[in-house]
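Worksheet: the structure to be examined is printed underneath.
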Amino acid sequence: MVPRRPASLEVTVACIWLLTVILGVCISFNVDVKNSMSFSGPVEDMFGYTVQQYENEEGKWVLIGSPLVGQPKARTGDVYKCPVGRERSMPCVKLDLPVNTSIPNVTEIKENMTFGSTLVTNPKGGFLACGPLYAYRCGHLHYTTGICSDVSPTFQVVNSFAPVQECSTQLDIVIVLDGSNSIYPWESVTAFLNDLLKRMDIGPKQTQVGIVQYGANVTHEFNLNKYSSTEEVLVAANKIGRRGGLQTMTALGIDTARKEAFTEARGARRGVKKVMVIVTDGESHDNYRLKQVIQDCEDENIQRFSIAKTFLTSYQTLG
Ligand SMILES: *[C@@H]1O[C@H](CO)[C@@H](O)[C@H](O)[C@H]1NC(C)=O
Ligand SMILES: *[C@@H]1O[C@H](CO)[C@@H](O)[C@H](O)[C@H]1NC(C)=O
Ligand SMILES: *[C@@H]1O[C@H](CO)[C@@H](O)[C@H](O)[C@H]1NC(C)=O
Ligand SMILES: *[C@@H]1O[C@H](CO)[C@@H](O)[C@H](O)[C@H]1NC(C)=O
């Protein structure tokens, strides 16, 4: 690694006060303008990009934005509080505001949000600090919206706001696998699952996947909320073996998935679109129930896709 030359940006604050004193505003700050004060921080972090004078019960401060703090890995940014007019000189302290700058239930990308690029003091106390490059994720898409936080007079984030919208890409998907003896070879099912699952962004705030397997009866392989990443689901799906069964109770499989797999107890989320993917060879011993079972799914707004055997066979030849 190339040794970095220590660089510093002197933020000379005296001139700011000189200006306010001349203008007759804010005389209460009563700063000794002859002794120029300076605070220093790394220039590569853009320390001093924003500067505000500030006062709370503890005394006077200068707030200094440093939007690239955290780089090169991440440009989270932050705000420093630098004490002014204390008996002993005290260093500037980073406020760590990005930690609590957050919107609930959103997949956030805060790494490069350049927090502290905007700094506005509130005449009623506290201040507002913003990170214009805050983004959030819906599936594979990133939306950069920016974020602002209201900070209390005691330097705590009170609340954050950003124009985020609900991700319409959230899905609860239950895969209903025919594991009866007629399904052969099982590798084609595994190959299909791999291909399907690896394209999904799986997580508690994104798509969730549960799997049931049926033959003569139905087994919950794993629930919607069991795993929280695509990698975990792929590993689990590859461990699923065919349970077998002399009968192929497809209607029972679909009905059980609707009644049990799509419950909140098994991780289904309110207001999230429900999708059922049925993987079967088409043959079924309870066909007479199918019409009613499908209607029940319709009534509960569960969208269904069927993957037929011919398709699975093509997976076998492909893979
Ligand atoms: C943040 O910026 C760094 C450095 O430019 C980059 O390597 C990284 O991929 C960025 N992260 C995101 C989530 O954009
Ligand atoms: C973040 O919020 C928690 C809970 O309100 C608080 O205890 C903590 O001090 C805050 N952290 C920072 C760095 O502001
Ligand atoms: C976030 O999601 C949880 C669980 O889905 C829900 O209980 C909570 O009300 C949500 N919070 C907000 C602020 O939407
Ligand atoms: C489900 O079917 C499998 C395979 O036919 C059998 O081994 C198992 O005992 C059955 N389980 C229940 C609860 O009926």
Side-chain angles (χ1 to χ4, degrees), residues 1-5 7 9 39 41-50 52 54-83 90-122 124-165 167 169-170 199-207 228-231:
M1 212 177 122
V2 185
R4 205 190 288 151
R5 193 168 53 86
L9 177 74
F39 305 107
V43 68
E44 62 268 32
D45 290 349
M46 289 180 79
F47 181 84
Y49 184 80
T50 47
Q52 288 281 327
Y54 184 69
E55 188 169 2
N56 67 4
E57 285 182 346
E58 291 172 76
K60 291 167 193 161
W61 307 86
V62 174
L63 302 175
I64 297 180
S66 185
L68 299 190
V69 162
Q71 60 135 354
K73 218 177 107 207
R75 299 171 161 192
T76 318
D78 209 337
V79 177
Y80 289 78
K81 61 173 184 185
C82 303
M90 282 151 56
C92 296
V93 174
K94 190 148 71 70
L95 292 174
D96 286 330
L97 298 177
V99 178
N100 288 349
T101 292
S102 186
I103 305 290
N105 295 356
V106 167
T107 309
E108 302 186 295
I109 304 169
K110 303 206 279 191
E111 283 104 294
N112 294 331
M113 67 175 168
T114 60
F115 197 78
S117 299
T118 304
L119 205 51
V120 184
T121 49
N122 183 342
K124 291 177 191 158
F127 61 94
L128 186 77
C130 302
L133 296 184
Y134 169 93
Y136 70 99
R137 206 157 82 99
C138 282
H140 287 299
L141 297 175
H142 291 188
Y143 298 97
T144 302
T145 59
I147 192 167
C148 292
S149 281
D150 257 329
V151 184
S152 74
T154 52
F155 307 112
Q156 296 289 313
V157 172
V158 180
N159 66 343
S160 305
F161 35 96
V164 304
Q165 286 174 349
C167 282
T169 54
Q170 284 196 344
R199 297 161 201 251
M200 295 180 180
D201 274 317
I202 296 174
K205 291 169 186 170
Q206 301 162 68
T207 292
S228 50
S229 72
T230 305
E231 293 71 33

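None of these values were measured; they are calculated from a predicted model. Whatever order the structure lists them in is the order used to number ligands and atoms, beginning at 1. Residues: numbered from 1 along the sequence shown.
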*asked:* Quick one, Lys110 and Ser102 - any side-chain contact, counting heavy atoms below 4.5 Å?
replied: yes
Ligand 1 to Ile109, heavy atom cutoff 4.0 Å, flagged ligand atoms 13 (C)
closest protein heavy atom to atom 10 (C) of ligand 1 is Asn112 ND2, 2.4 Å
Under a heavy-atom criterion of less than 4.0 Å, does Glu111 contact ligand 1?
yes
Between Thr101 and Ser160 the two heavy atoms that sit nearest each other are CA-OG, 3.4 Å
of all protein heavy atoms, closest to atom 4 (C) of ligand 1 is Pro72 O, 3.4 Å
Hey, is atom 2 (O) of ligand 1 touched by any protein heavy atom at less than 4.0 Å?
-> yes
Looking only at protein heavy atoms, what sits closest to atom 12 (C) of ligand 2 is Asn100 ND2, 3.5 Å
Quiz item: With a 4.5 Å limit on heavy-atom distance, are the side chains of Leu68 and Glu44 in contact?
Solution: no
Q: Output yes when a protein non-hydrogen atom is found under 4.0 Å of atom 14 (O) of ligand 1, and no otherwise.
A: yes
for atom 7 (O) of ligand 2, nearest protein heavy atom and its distance come out as Gln156 OE1, 4.9 Å
Check your understanding: Should Lys73 be listed as contacting ligand 1, given a heavy-atom distance under 4.0 Å as the test?
Key -> yes
* To do: Tell me, with the steps shown, if Phe155 and Leu63 meet side-chain contact (heavy atoms from CB on, under 4.5 Å).
  => CA-CA 11 Å; Phe155 307 112; Leu63 302 175; 3.9 Å; yes
Any heavy atom of Asp96 under 4.0 Å from ligand 2? The part involved is both
What orientation do Tyr54 and Phe127 show, parallel under 30°, tilted 30 to 60°, or perpendicular over 60°?
perpendicular
With a 4.5 Å heavy-atom cut-off, do Arg137 and Asp201 have their side chains touching?
yes
Here the gap from Ser228 atom OG to Gln206 atom CD, rounded to the nearest 0.5 Å, amounts to 10.0 Å
